[in-house]
Amino acid sequence: MPALSFSAIPIGIRYMLLSAFGFALMSACVKYVSLNGIPVFEIVASRALVSLIISYTDVRRKGLSPLGNNKPLLLLRGVLGTMALMCVYYAVTTLPLAEATVLQYTHPVFTAILGLVLLKERLQGATLVCIALCLTGLYIMVQPNLNASIDDALPTFSVVVALMGALGSSIAYVIVRKLSRTEDSSVIILYFPMIALPVATVLMWPSFVLPSLSLTLLLVLVGVFTQVGQYGLTKAMQTQQAGQASAYAYIQIVFSTLIGVWIFNEVPSIWTYIGGGLIVAGAVFNAMGHRLFSRVSAPNLGINRFV
């Protein structure tokens with residue numbers, strides 16, 4: 001049997017694995033600094049500042065215009081991304097890492113619904129299975145909240161905010177895919193901190209906390225790890241293997257669960273294992289199932305699709 005090599009892994013999958021690991025480390029840093037008294041808006045502002053410096057340097061290195069070509073759509077991506085990031089960070093700071101990450105990956109459901117309502121797109125069989133599994137898994141995860149005698153209930157408001165973050169992410173993914181046809185990945189990434197930094201700075205000011213040196217370093221790492229994750233995601237979206245690679249993004253849940261157990265002593269409940277398993281199964285089937293359907297009805301174009 002021939003030995004497996006890293007170079008044999010398709011480039012889209014490699015970028016998606018890099019993205020998943022970067023985002024998992026980002027979530028861990030966010031949770032840690034929050035537990036040590038740093039408010040959410042301050043974390044967002046710190047992340048945006050680091051990303052702005054890195055992104056602008058990269059854009060200038062490539063000799064690109066920072067404003068890009070499709071300015072209205074780039075601006076919309078920045079606004080929606082900022083709102084989604086605030087929701088995601090709030091969920092990470094108020095929920096266990098595993099649960100917060102699983103809830104974020106309900107975004108294929110929102111993407112499918114948006115495509116049906118706004119774009120009049122037909123729902124394929126794989127997407128319908130995904131919606132059914134994700135909604136069932138979501139109900140199993142949050143159903144302890146309906147029974148006051150169960151101790152594993154998740155904070156209802158945090159769950160709602162996490163789902164809002166997933167909704168914002170689903171819209172952002174669609175926009176990124178469209179922008180990738182006309183914009184360089186560095187310009188797409190740059191617009192995010194250009195919007196997030198001024199908004200988060202205004203919101204954080206009333207409750208600003210001066211961080212210690214160690215917390216300052218972790219705040220910088222929030223931006224660095226997020227940049228790694230965003231870079232991997234954006235590059236994966238631009239590859240021909242992105243449709244297949246998208247299924248591998250869900251390994252972030254494994255990374256976050258292990259980090260939660262190791263660093264924060266967060267042991268997921270049985271409801272999380274069952275519900276999260278169904279959500280991941282639905283999302284992976286949605287990403288991979290289209291390949292099976294396409295072999296029968298149409299050629300496989302290798303496009304990353306959730307609808």
Side-chain angles (χ1 to χ4, degrees), residues 19-36 38-40 43-44 47 83-111 130-170 173 222 225-226 229 233 247-286:
S19 172
F21 189 58
F23 283 134
L25 292 176
M26 173 273 294
S27 296
C29 291
V30 168
K31 191 170 190 68
Y32 188 88
V33 296
S34 174
L35 291 174
N36 285 273
I38 305 299
V40 171
I43 301 173
V44 173
R47 175 261 194 260
M83 295 171 59
L85 179 68
M86 291 177 178
C87 291
V88 170
Y89 277 15
Y90 180 85
V92 167
T93 60
T94 56
L95 292 170
L97 276 181
E99 281 82 344
T101 305
V102 167
L103 290 172
Q104 175 66 12
Y105 278 102
T106 58
H107 60 74
V109 175
F110 296 110
T111 306
C130 169
I131 292 175
L133 289 175
C134 285
L135 292 180
T136 302
L138 178 61
Y139 174 77
I140 291 175
M141 282 187 63
V142 303
Q143 63 88 23
N145 297 45
L146 307 178
N147 190 338
S149 64
I150 299 181
D151 296 329
D152 294 325
L154 300 173
T156 301
F157 182 75
S158 297
V159 171
V160 172
V161 172
L163 293 176
M164 290 174 61
L167 173 60
S169 296
S170 69
Y173 289 162
V222 168
F225 289 139
T226 306
L233 174 63
Y248 290 82
Y250 300 97
I251 199 173
Q252 182 187 343
I253 298 173
V254 177
F255 293 150
S256 295
T257 300
L258 294 176
I259 292 173
V261 172
W262 179 38
I263 298 180
F264 303 107
N265 296 316
E266 298 173 342
V267 180
S269 69
I270 186 63
W271 310 109
T272 297
Y273 282 117
I274 298 174
L278 289 173
I279 291 173
V280 173
V284 172
F285 185 79
N286 182 62

Any idea which heavy atoms bring [X] and [Y] closest together, and the distance?
| X | Y | answer |
| --- | --- | --- |
| Met26 | Phe225 | N-CB, 3.8 Å |
| Ala28 | Ile259 | CB-CG2, 3.5 Å |
| Val92 | Ser27 | CG1-O, 3.5 Å |
| Ser169 | Ala84 | N-CB, 3.9 Å |
| Gly275 | Ile140 | N-CG2, 3.8 Å |
| Cys87 | Met164 | SG-CB, 4.0 Å |

**Study point:** Member of Ile253, Thr257, Leu278 meeting the side chain to side chain contact (heavy atoms under 4.5 Å, CB included) criterion with Val102
**Key:** Ile253
Point to revise | Heavy atoms of other groups near Met86 CE, more than 12 under 6.0 Å | key: yes
**Study point:** Atom CZ of Phe21: over 12 foreign heavy atoms under 6.0 Å
**Key:** no
Practice item. State whether the side chain of Ser34 and the backbone N or O of Val30 hold a donor-acceptor pair below 3.5 Å, judged by distance alone. Key: no
Practice item. For Glu266 and Leu97, indicate whether the former's side chain and the latter's backbone hold a donor-acceptor pair under 3.5 Å. Key: yes
**Study point:** Contacts of type side chain to side chain contact (heavy atoms under 4.5 Å, CB included), residue Phe157, not counting sequence neighbours
**Key:** Tyr90, Val161
Point to revise | pair Leu95-Ser158: side-chain heavy atoms closer than 4.5 Å | key: yes
Review point. Any side-chain heavy-atom pair from Arg47 and Tyr89 closer than 4.5 angstrom?
Key: yes
Review point. Could you state the interatomic distance from OG1 (Thr93) to CD1 (Ile38), rounded to the nearest 0.5 Å?
Key: 12.5 Å
